[in-house]
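This report concerns only the one structure given below.
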Amino acid sequence: MGGRLVSTHMTDRSHTRRTVLTTGAAVAGVAAGGAALAACGNGGDTSSSGYGDSGGGDSPAPAADQPLAALSDVPVGQGKAVTTPDGQDAIVSRPDETTVAGFSAVCTHQGCKVTPEGAELKCPCHGSVFDAFTGEVKNGPASEPLPAVNVKIENEQIVTA
Ligand code: FES
């Protein structure tokens, strides 16, 4: 008996599935630039109006308006020994209520320092006497008057002029 061999030919079909996964997700890196919180630290109390009065500097002379003595420190009719801002010995005096005068305190004889005595300026070295209001020689041996120092009254002060 002859049978048929039925051969079953099975075709093996390999099914190859290619799955191409294309992942195109571009991840945009979001820079987390955090909100910059600007802390406002300034209290803003700058309310000072710093405009000072330009105090009447009329004269450009650097030595002017330097205080020498309070007016009340010099009795009317007398003189007072002072020192100028640049270190010179000087005399200021008040011939009357509204007038001031100033002189070098260096004796014109040999350079000693005169001292006020009432209405006069006396030199201790050789006895010269000067007028406290004009600087003129009243008694020798000095023969030259005391050099004047320009002064004026300002705000109840005797100041250089
Ligand atoms: Fe003043 Fe001689 S120095 S009198």
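Numbering of residues begins at 1 and proceeds along the displayed sequence.
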Can you measure from [atom1] ([X]) to [atom2] ([Y]) and round to the nearest 0.5 angstrom?
X	Y	atom1	atom2	value
I153	T99	CD1	OG1	7.0 Å
S128	Q110	OG	CD	9.0 Å
T108	F103	OG1	CZ	12.0 Å
L121	E136	CG	CD	11.5 Å

Notebook entry, point to check: So, for I91 and A105, which heavy atoms are closest and what is the spacing to 0.1 Å?
Noted result: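 Answer, listing the atom of I91 first, then A105: CG1-CB, 3.9 Å.
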
Note to self: Could you report the tightest heavy-atom contact between P124 and K113, atom names first, then the distance?
What the structure shows: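 So the minimum-distance heavy-atom pair works out to CD-O, 3.2 Å.
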
Report yes or no: does [X] contribute a side-chain atom to a donor-acceptor pair with the main-chain N or O of [Y] at less than 3.5 Å?
X	Y	answer
T83	G87	no
Q66	A64	yes
D96	T98	yes
R94	S72	no
S93	A132	yes

Notebook entry, point to check: Once you find the SG atom in C107 and the one in C125, is the distance between them below 2.5 Å?
Noted result: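 Their SG atoms do not fall under 2.5 Å; no disulfide, then.
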
Is any side-chain heavy atom of [X] closer than 4.5 Å to a side-chain heavy atom of [Y]?
X	Y	result
Q88	V149	no
V114	K122	no
T84	L68	yes

Checklist line | side chain to side chain contact (heavy atoms under 4.5 Å, CB included) partner of E154, the single match among V100, V159, T160 | finding: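 In the set V100, V159, T160, the residue that makes a side chain to side chain contact (heavy atoms under 4.5 Å, CB included) with E154 is V159.
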
Notebook entry, point to check: Hey, which of I158, V92, T115 is the one that makes side chain to side chain contact (heavy atoms under 4.5 Å, CB included) with K80?
Noted result: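 Only one of I158, V92, T115 forms a side chain to side chain contact (heavy atoms under 4.5 Å, CB included) with K80, namely V92.
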
Note to self: Going by ring-ring contact (aromatic ring centres under 6.0 Å, His included), name the pairs with one or both residues in residues 122-161, residues two or more places apart or in two chains.
What the structure shows: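 For residues 122-161, and leaving out neighbouring residues, the ring-ring contact (aromatic ring centres under 6.0 Å, His included) pairs sorted by first residue read H109-H126.
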
Notebook entry, point to check: Listed by chain and number, what are the side chain to side chain contact (heavy atoms under 4.5 Å, CB included) partners of N139, not counting sequence neighbours?
Noted result: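 N139 satisfies side chain to side chain contact (heavy atoms under 4.5 Å, CB included) with V129 only.
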
